[in-house]
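Reviewing the structure listed below.
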Amino acid sequence: NTDAASEPTKLDSLWTISFTGKYDRVLLTGVPVTPALEYQFVDAPKSLTQSIEGLMPSSIDAEFILNRKQFSWLIDELGGINIAGVKQNGTSAIDYITNHKDVNTRTARQTKVIQAMVSRAELLENSLEINKYFKHLRPEVTAMIDLTSIAKNIFPINSESIDIATLTTNNLTYLDDIAHTSE
């Protein structure tokens with residue numbers, strides 16, 4: 001989502017987050033943003049959820065959106081991240097992600113940024129007090145997600161309990177048909 005209110009809403013990235021039943025493992029899956037998914041995000045959000053559920057082994061229980069400003073803030077709160085030996089703040093990390101036209105490359109770059117965020121959070125260990133960030137979540141999010149169990153079992157962050165996967169557009173070809181029939 002863009003920062004400028006005058007620009008139309010845009011889908012920059014799409015990720016699913018899955019937890020094991022004990023909340024002790026996390027799977028993050030990056031989905032390349034194709035024109036079909038972009039259309040669904042803006043004009044048919046319910047079909048977007050259905051499309052993504054068709055790619056995943058489980059259903060989606062909750063959805064949330066971070067805009068660029070919020071994502072940048074998260075990176076800055078971590079004290080910045082390192083990508084290929086270069087220190088990045090939130091703004092430069094977003095530029096790194098978005099300054100490529102190929103959706104697969106953008107998703108791969110998102111993966112690198114998220115891996116760098118996990119590494120940075122892991123280095124911070126106990127000094128990263130996750131509970132202070134819960135106040136930034138809307139009540140509907142905290143009502144749907146068991147934040148207490150997540151905080152208890154995932155924090156401090158241990159990269160060994162976080163798996164990161166990335167789909168490619170090869171996984172998404174059937175979505176073009178869905179977008180055209182939704183129009």
Side-chain angles (χ1 to χ4, degrees), residues 1-3 5 8-34 36-78 90 93-94 97 103 106-107 110-111 113-118 120-122 128-168 171-172 174-175 178-179 182:
N1 216 354
T2 58
D3 291 336
T9 299
K10 182 177 187 285
L11 182 63
D12 279 337
S13 66
L14 200 154
W15 284 79
T16 65
I17 303 170
S18 302
F19 295 93
T20 60
K22 297 178 188 176
Y23 292 100
D24 58 350
R25 291 203 58 80
V26 180
L27 171 61
L28 301 167
T29 305
V31 180
V33 177
T34 64
L37 294 176
E38 175 76 27
Y39 167 81
Q40 290 174 326
F41 177 74
V42 174
D43 296 317
K46 288 183 182 175
S47 70
L48 174 63
T49 301
Q50 292 168 347
S51 294
I52 300 307
E53 284 180 330
L55 299 169
M56 303 297 144
S58 56
S59 63
I60 296 173
D61 295 327
E63 300 170 27
F64 63 94
I65 296 172
L66 289 176
N67 64 28
R68 286 182 180 190
K69 184 176 180 181
Q70 293 164 326
F71 189 73
S72 178
W73 175 79
L74 284 173
I75 292 170
D76 292 343
E77 278 290 300
L78 290 171
I94 288 172
I97 291 169
V103 296
R106 287 173 69 134
T107 305
Q110 292 164 19
T111 301
V113 168
I114 290 172
Q115 287 170 331
M117 291 172 73
V118 168
R120 179 67 181 146
E122 188 174 31
L128 182 63
E129 181 50 52
I130 191 63
N131 291 316
K132 81 176 191 176
Y133 298 102
F134 288 168
K135 68 181 180 185
H136 296 285
L137 297 174
R138 293 183 178 164
E140 58 268 22
V141 173
T142 57
M144 288 189 260
I145 300 172
D146 185 357
L147 294 173
T148 303
S149 294
I150 293 169
K152 183 177 105 183
N153 293 303
I154 297 297
F155 294 92
I157 288 179
N158 177 350
S159 62
E160 291 181 14
S161 64
I162 300 172
D163 299 312
I164 302 173
T166 305
L167 301 180
T168 66
N171 304 100
L172 308 175
Y174 82 95
L175 294 176
I178 293 170
S182 299

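Given the structure is predicted, the values throughout are model-derived calculations rather than measurements. Side chains included, hydrogens not; waters and symmetry mates left out as well; all remaining heavy atoms used.
- The distance from the CD1 atom of I60 to the OG1 atom of T16 is 7.0 Å, given to the nearest 0.5 Å.
- Note that the CG atom of L37 and the CG atom of L11 stand 7.0 Å from one another [nearest 0.5 Å].
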Show your reasoning for whether side-chain contact (heavy atoms from CB on, under 4.5 Å) applies to I162 and L28.
CA-CA 7 Å; I162 300 172; L28 301 167; 4.0 Å; yes
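- The two residues W15 and Q110 make their nearest non-hydrogen contact at NE1-OE1, 2.9 Å.
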Would you please test V113 and I97 for side-chain contact (heavy atoms from CB on, under 4.5 Å) and show each step?
CA-CA 8 Å; V113 168; I97 291 169; 3.8 Å; yes
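- Note that CE of M56 and OG of S18 are 7.5 Å apart. Values are rounded to the nearest 0.5 Å.
- Considering only heavy atoms from C-beta on, S51 comes within 4.5 Å of Q40 through its side chain.
- Using modelled atom types, no side-chain atom of D163 and backbone atom of L27 make a donor-acceptor pair closer than 3.5 Å.
- T111 and T166 are linked by a side-chain donor-acceptor pair at a separation below 3.5 angstrom, with hydrogens and angles left out of the test.
- With no hydrogens or angles considered, no side-chain donor-acceptor pair links E53 and S59 at under 3.5 Å.
- Separation of atoms CG (L78) and CE (M117) is listed at 5.5 Å; rounding is to 0.5 Å.
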Would D61 and F19 satisfy side-chain contact (heavy atoms from CB on, under 4.5 Å), going step by step from the backbone distance to the final call?
CA-CA 11 Å; D61 295 327; F19 295 93; over 6 Å; no
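- Of the possible donor and acceptor atoms, none in the side chain of S72 sits under 3.5 Å from a partner among the backbone N and O of R68.
- Side chain of R106 to backbone of V33: no donor-acceptor contact under 3.5 angstrom is found.
- Here the CD1 atom belonging to I17 is positioned 9.5 Å from the OG1 atom belonging to T29, to the nearest 0.5 angstrom.
- Under the 3.5 Å distance criterion, the side-chain polar atoms of E122 are left unmatched by any main-chain donor or acceptor of N158.
- Counting all heavy atoms, side chain and backbone alike, V118 lies closest to S159 at CG1-CB, 3.9 Å.
- Side-chain contact between I164 and I114: present, with at least one pair of heavy atoms (C-beta onward) separated by less than 4.5 Å.
- Taking each heavy atom of I65 and Q70 in turn, the nearest pair found is O-OE1, 3.7 Å.
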Decide yes or no on side-chain contact (heavy atoms from CB on, under 4.5 Å) for I52 and V31, but give the supporting numbers first.
CA-CA 8 Å; I52 300 307; V31 180; 4.1 Å; yes
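- Closest approach of A121 to I157, counting heavy atoms only: CB-CD1, 3.5 Å.
- Considering all non-hydrogen atoms of both residues, D24 and T20 come closest at OD1-OG1, 2.6 Å.
- Atom CH2 of W73 and atom CD1 of I75 lie 12.0 Å apart (nearest 0.5 Å).
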